[in-house]
Every structure is written in C-alpha cells, then in structure tokens.
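Here is how names work: the chains are called A, B, and so on, in the same order as the sequence lines, proteins then strands, and each is numbered from 1.
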4 protein chains.
Amino acid sequence: MQEIGEKKGRILVAAMDIFGERPYDQVKIEDIAERAGVGKGTIYEYFVSKEELFAAILEAGFNEYFMALVAAAVPSLSATAKLQAVFGRHLSFISQHAAAARIILSERPASRSEIHEAMVNRYMRLGRFLEELLQEGMTAGEFRPVDTAIVAQAIIGIFSTLLVFVLFAEQAADAMEKNAEKLLDFCLLGLAVGD
Amino acid sequence: MQEIGEKKGRILVAAMDIFGERPYDQVKIEDIAERAGVGKGTIYEYFVSKEELFAAILEAGFNEYFMALVAAAVPSLSATAKLQAVFGRHLSFISQHAAAARIILSERPASRSEIHEAMVNRYMRLGRFLEELLQEGMTAGEFRPVDTAIVAQAIIGIFSTLLVFVLFAEQAADAMEKNAEKLLDFCLLGLAVGD
Amino acid sequence: MQEIGEKKGRILVAAMDIFGERPYDQVKIEDIAERAGVGKGTIYEYFVSKEELFAAILEAGFNEYFMALVAAAVPSLSATAKLQAVFGRHLSFISQHAAAARIILSERPASRSEIHEAMVNRYMRLGRFLEELLQEGMTAGEFRPVDTAIVAQAIIGIFSTLLVFVLFAEQAADAMEKNAEKLLDFCLLGLAVGD
Amino acid sequence: MQEIGEKKGRILVAAMDIFGERPYDQVKIEDIAERAGVGKGTIYEYFVSKEELFAAILEAGFNEYFMALVAAAVPSLSATAKLQAVFGRHLSFISQHAAAARIILSERPASRSEIHEAMVNRYMRLGRFLEELLQEGMTAGEFRPVDTAIVAQAIIGIFSTLLVFVLFAEQAADAMEKNAEKLLDFCLLGLAVGD
DNA sequence: TATGAATGAGATTTCATTCAT
DNA sequence: GATGAATGAAATCTCATTCAT
C-alpha cells in the first residue's frame, strides 16, 4: 500500500526534476524511469502516458506551490503583512524549486484541452486567492480601491518576474531577497491609499 | 534576390503561426512548409534545422515586437506618456499576434545554449529599454526614485499578465483596453512621486 | 487436486473463448486470466508460455471435436448412416462452438515446429477416421471405389465450408441443417455406386 | 512515376512472401523492408499501417488468384471443361504461390471490421463465380440440378483441401495433379446427371 | 499455490533531414 | 534554387514473463 504511493511519488519527483531541466520533447520516459530508479514499464503502471505524467506533475507541483502560499497568509496577519509573507514564500519556493517552478508557472500550452483547462483553472485559483487578499486589504482600509482581478494578475505577472531573476540572472540568495522586497514595495505603493 | 527574401519571409510567417498554435514537438517541418506554400526541402535552404528556424522566428518576432514598442515611445512625449504609449502598443501587438506573442514572450527554454542566451539577451534589451524610460521619468521628476532594473522587470511581468488575459480569458477588445489602462494606473501609482 | 484440474480447465475454456474471438497477437494473457477468474501468474503455473497454452487448447479442442465425431459413428450403423451422423455431429459442434471451431479447424501456422507437427497429426487423425469410414462403405458396397485419402480430404474441406457458413453467413440453425443435408447429398452422390 | 508503382510493388511482393512464411505477429515491418530493399519508413509512405499493408496483400493476392481462375474459364468451353480448367488453374496457382495462397485462402480474422468485410466480400466473389459456372452447366444439362450456393462452397472447401496437400504433405507436382484430377472427378460425380 | 506489481525487450510508427532530380 | 521521396534513428508504449509475498 505504502509502497505504491512511495513508488508513484518517486516517479513524480523524478519527472518534476527532469521536465524542469529540459523541454518536454527532450525528456525520454526512460530518463525519468532511470532517475526514479524504476523500470520503464513501471511508469505506465501509474500514468497512462507521458502526457498524463506531465499533467500530473503540473497539478502536483502547483498544489504544493499554492498550498505554500496559502499557508504563508496566516489569518491573524494584516493584509499587508499577508502580502509580504506571500511574496516571501513565493520567492523561497521558486528559489528552492527553480526547475520545477518554471514548468509550474509557465507550462507548455498542451495539445490536450484537458491540460489546457487544468492550467487555466490553476491560474484562476491563484488569482482568486490574491483577489481575496486584496479585497481584505481594501475592506480594512489598508489598500486603496482597485480592480482586484486586474491587480491580482499584475501580482502574478510580477511573481513570474522573480522567476526570471532566479532562472536567468542566477542571482545570489540575498540579492534575490532585496529584489523581492523592492517588488513588494512597488506593489504596495501601487496599492497605497492615496493621501 | 527579392524572391528569396520573399520566400524566406513566407516561411518565417508560417512558422510563427504554427509554432504559436502548438508546442514545438507537435510542429512538423512539413506543416510549416505546407502553410508557407513551399516544399519541405526548401525550408532547409534557408534554415539549417528546425531548431534554428525556431530561433529565427523568436528573434524576428521579438524584433518586430520590440521595434513597435520603441516606435511608440516618441521622443517628444513625457516619460509618463511614453509609458502609456508603450502599454498601448504592447496591448495592440499581443492582440493582433496572440499566438506569436506567446512564444515570443514565454518561449521554451532550449537545449541549445545559444537559444537560451539569445532569449536572455532579448529580455535584457527589453529591460534596458524600460529602464531608460524609467530613468528619464525619474530625472524629469515624473517618477519617484526606484530601482529601475527591478521595476522594469515588474513591468515586463505585468505585460505577460496582459498576454494571459488575451490568451485565456479571450476578452473583448474594449475590455482589454480597460484592463490595460488599469494596469498602467497601477504601475504609475507604484511610480508616483510621493506627496 | 481436483481444484487444480478445475482451475486448469477454467483457464483452457477461457483461452478457447478468447483465442476464438480474435487473433493470437491480440490476445493478452491478462485477458484470459481475467475471463478465467484467476491471476495472471496462475496461468504460468499450468502452462509454460502463451504459445504452449495456445497449443494446449488446440489439442484439447480438437480432441473434444474428434471424439464427438467418433462417438457419432455408432458401429452398428451402415457407412452411409455413419457419414450422415458425422456430418450432423460436425454441424452441431461448430454451431455450438463457432469461435473455438475456427481456431481448431484453421489454426495459425505456428513458429514452433512442434505446433505445426501437432496440427498435421491432427489433420491426419481426422483423415484416417474418415478414410476408415469410406473404406468400410466401399467394402460394404455402399460406396463406389475411390481414393479414400483424397475423398477424406475433400470431406474435410467440405466441413470447413460449413464453418464458413456459420461464421460469416450467420445463418439460422434450420437453414444450416438444410445446407448440411445438401452437402451430404453432394458427397453421397460423389460416392454413389454408378449404375 | 513508374518507380513509385515499382517500389510499392516490391513492398507488396516482399510482404506477401513474408506474411506467407510466418504468422502476422511474427512479421516485423523491418523484415519486409529488408526483403523489399527499402527503408523501414518507406513502407509507411505507401501503407498507413502494418494492418493496412496486410489487408492490401490479401486484396492484391486474391485478385491475382481470382483473375487467374476467371481467365481459365474460357467462354468457348463447356461447363465441365471450365470446371476442369479452373481446378487446374487453382492447383497451379497454389503450387506456385504456396505461401501466399495460405494467407489468401485462410487469412486471419482481423480486428478491423473492414478487413473482415473485405474477406467476406472476396469469398462471395469467388462463390458467385463458381455458382455461375454451375448454373451454366445445369442449364446446358451437363450437371444435375443442385443448390448452386451450396455446391459452390463445397468446391471452395475442396480447393482448400488441395492447399493442405501442398502445404503439409509437400507432395510432388505430378502426384498433386493426380489428386486434383481425383477431386475433380469426385465433384463431377456429385454433379453428374443421374441416370 | 496464487498473485499481480515490476520489468525491459522489442515493435510500430514518426519525422527531421538528405539528396537526386 | 526547389522539391519531396526515401530514410533510419529514436521514442512511446505493450505485454509476456518473473518472482517476492
């Protein structure tokens, strides 16, 4: 019982690593099997196809990412503090899972519409979470009134930006934190209640 | 001579369309040849490989996009007006070239480091352009002092956000403009000189 | 002990059904296991390989078929009556075991020469049985003198014909009996002692 | 132009040979390609799948066989003479194309219903041809009145019998002719106008 | 004895690329 | 230069068989 879950987990982790390393079509099922320490056929015991395995890691990866963000937004905090915490958690997640983060946050538009749909759903889930946070801040008078849908997307866009820094610029950890802080400031100013 | 250029152009346009429609590995050279109205072999007269053709459309597509943005920033305008114009131009570009925009703005990280490098270069070119614009605004006192590198990246992130609206939400053109306006406002507030 | 036999029997029956339904390479051991209500591994307890299982059902199926024909040729009957009874029994067998009959009577020529040999042996056993019947009729003056080997094969060929009717034409049972009668008449005329 | 036909022909011939040698699932596309002297991929230029290639050789092989039989039944001959000629032509065909004849005359029941249907159609074509021949003989008073559908099938069954001799018994050519003669006699007696 | 999860050899099929025309 | 028929390397996926439980 446990072994099954364990083996499926090993495959997922291996797949996440490798799909993060190089584009979909350059990943061989055999590579993943090797990394996971299982036979090629075993992967097909748990996932019906390469495409489905890919979809599965997107889902699993996003869930982990999303849950991390949600957990950061401790209810007792103010909206501003929550936003700050979410920024920080986003940064640490993409720093620790740089490769995985790329596919999670900018996955390939899939052929199968199911995958595409799932992707849109995930975007919306993340958007709603940020919208609620913004709404809360607006209600509390911390943020000026804004179109939450728009600003939520803007924040997601800014999140991607951080990923670009991590992936391309390969900046040092502390420089990254500085950047995150500055981006947060930029957001907070954009949200600041006008005097 | 001209014909050659013309034929190469047809191939580029066809490739841009098709690579925009579906992921790299689902695109067959033959598909592109067909769409371009040339023979399969002809593509190899102009591009040494599929990978290079892909690199070429990224470059060409980005250049067209970038030049459009640069052209929008008419020198006589104020920095704020320039930023507004750039936002607008970005929006109209991605609206008209939605498919192409996806690959231009979020291309697949290639195996070949040349492509990766080229991608980073383009990102940096776009970043520098925005940085200069921001610097100009700061110098002119239109914008508060910010880390231009950071804010430039944030703007790029926000630009991507608009792409998400276009690709996923499939919003109407006028709704899109409203969104762009709101995003611009958000940016401008983030840049606003504090009272 | 009995259980073993019972389980082996279930596997044989399931295999006969399924090999009758579709060609060898489209039959999965798992399909047979499922139909037999046993585990995949269990089949290998009783049969060393798929190929051997196939050989086994051919042998078992043929034996059942052959014994039915032999039983029909009740010794007390005249040769003509025996031939008639054999025709009838053949017809009822293939009607009741249409799918199985196909593989029994027109099995795939196997790679393993053992199977090929076994198939030839079975053909010969059936041939000899008919030859004896013909010889008996000739001796009794019921049939004209013929080359029994040839006519026996002709009868086998005519038997196959009935299978074609059953499998393809999907004729009604009573129509089938009419056909069998007519075929028997045709044979008997071919055997009739010339005036 | 000609080359195309020529290459497709080479593939068909090679496929006929090899599918005749061993069962469907033991034939690799590569084997056929090798025998035909073409690349593996080339086969897929002419046939969409292994299954379709198989269907194609059945069709082509049957047509050749059928045309040979039809050609043997020279209109000026009597029905009896025609039947004799057809017997002879059948014998020479299966003697010269023993391997191919097996798949043509007892092909594997396919998964794809199209193939199955095609098989039934061919059986019926052959049946109708023989029926017409029989009808003609009945009209001419050469044959006694019989159910032509039944007797036609019986003759087909007897034809198969000859194939069995060729494939299994591997009899000498002259012995075969004797056998064919005897089988014809058997048929003609079955058809003889009763005194 | 019975099982079915695990395996990997092996087959079909695709498609980037070549090259003779 | 332009073409597309030909190719074969390479990848996905299947499934007979094994073996630990």
A.B. asks: Can you list the steps and then say if A:R22 with A:D31 is a salt bridge (Lys or Arg N to Asp or Glu O under 4.0 Å)?
C.D. replies: CA-CA 11 Å; A:R22 48 185 187 279; A:D31 299 337; 2.8 Å; yes
A.B. asks: Could you run down the sub-3.5 Å N/O contacts of the protein with nucleotides 15-17 of chain E?
C.D. replies:
unit_1	atom_1	unit_2	atom_2	d
E:dA16	OP1	B:V27	O	3.3
E:dA16	OP1	B:K50	NZ	3.1
E:dA16	OP2	B:I29	N	2.9
E:dT17	OP2	B:Y44	OH	2.8
E:dT17	OP2	B:K50	N	2.9
E:dT17	O4	B:K40	NZ	3.4

A.B. asks: Rounding to an integer number of Å, can you tell me how far D:L53 CG sits from E:dA11 C1'?
C.D. replies: 15 Å
A.B. asks: State whether B:Y46 places a side-chain N or O below 4.0 Å from either non-bridging phosphate oxygen (OP1 or OP2) of F:dG1.
C.D. replies: no
A.B. asks: If I take atom CZ in residue A:F54 and atom C1' in nucleotide F:dT12, what distance separates them, rounded to the nearest angstrom?
C.D. replies: 17 Å
A.B. asks: Report yes or no: is the cationic atom of D:K50 (NZ for Lys, CZ for Arg) under 6.0 Å from the centre of the six-membered ring of D:Y24, at an angle within 45° of the ring normal?
C.D. replies: yes
A.B. asks: Could you pick out which residue, B:I43 or D:G39, lies toward the 5' side of DNA chain F when each is mapped onto its nearest nucleotide?
C.D. replies: B:I43
A.B. asks: Applying ring pair (Phe, Tyr, Trp, His ring centres under 6.0 Å), can you list everything that pairs with C:Y65, at least two apart in sequence or on another chain?
C.D. replies: C:H90, C:F93
A.B. asks: Output the rounded distance in Å from NZ (D:K7) to C1' (F:dA6).
C.D. replies: 6 Å
A.B. asks: When you measure from the side chain of A:R35 to the backbone of A:A14, do you find a donor-acceptor pair of N or O atoms at a distance under 3.5 Å?
C.D. replies: no
A.B. asks: Could you state the CZ-C1' distance from D:F47 to E:dT14, rounded to the nearest angstrom?
C.D. replies: 18 Å
A.B. asks: What stems, by residue range, does DNA chain F take part in, given at least 3 consecutive Watson-Crick or G-U pairs under 3.5 Å?
C.D. replies: E:2-21 with F:2-21
A.B. asks: Between B:R125 and B:E59, does any NZ, NE, NH1 or NH2 come within less than 4.0 Å of an OD or OE carboxylate oxygen?
C.D. replies: yes
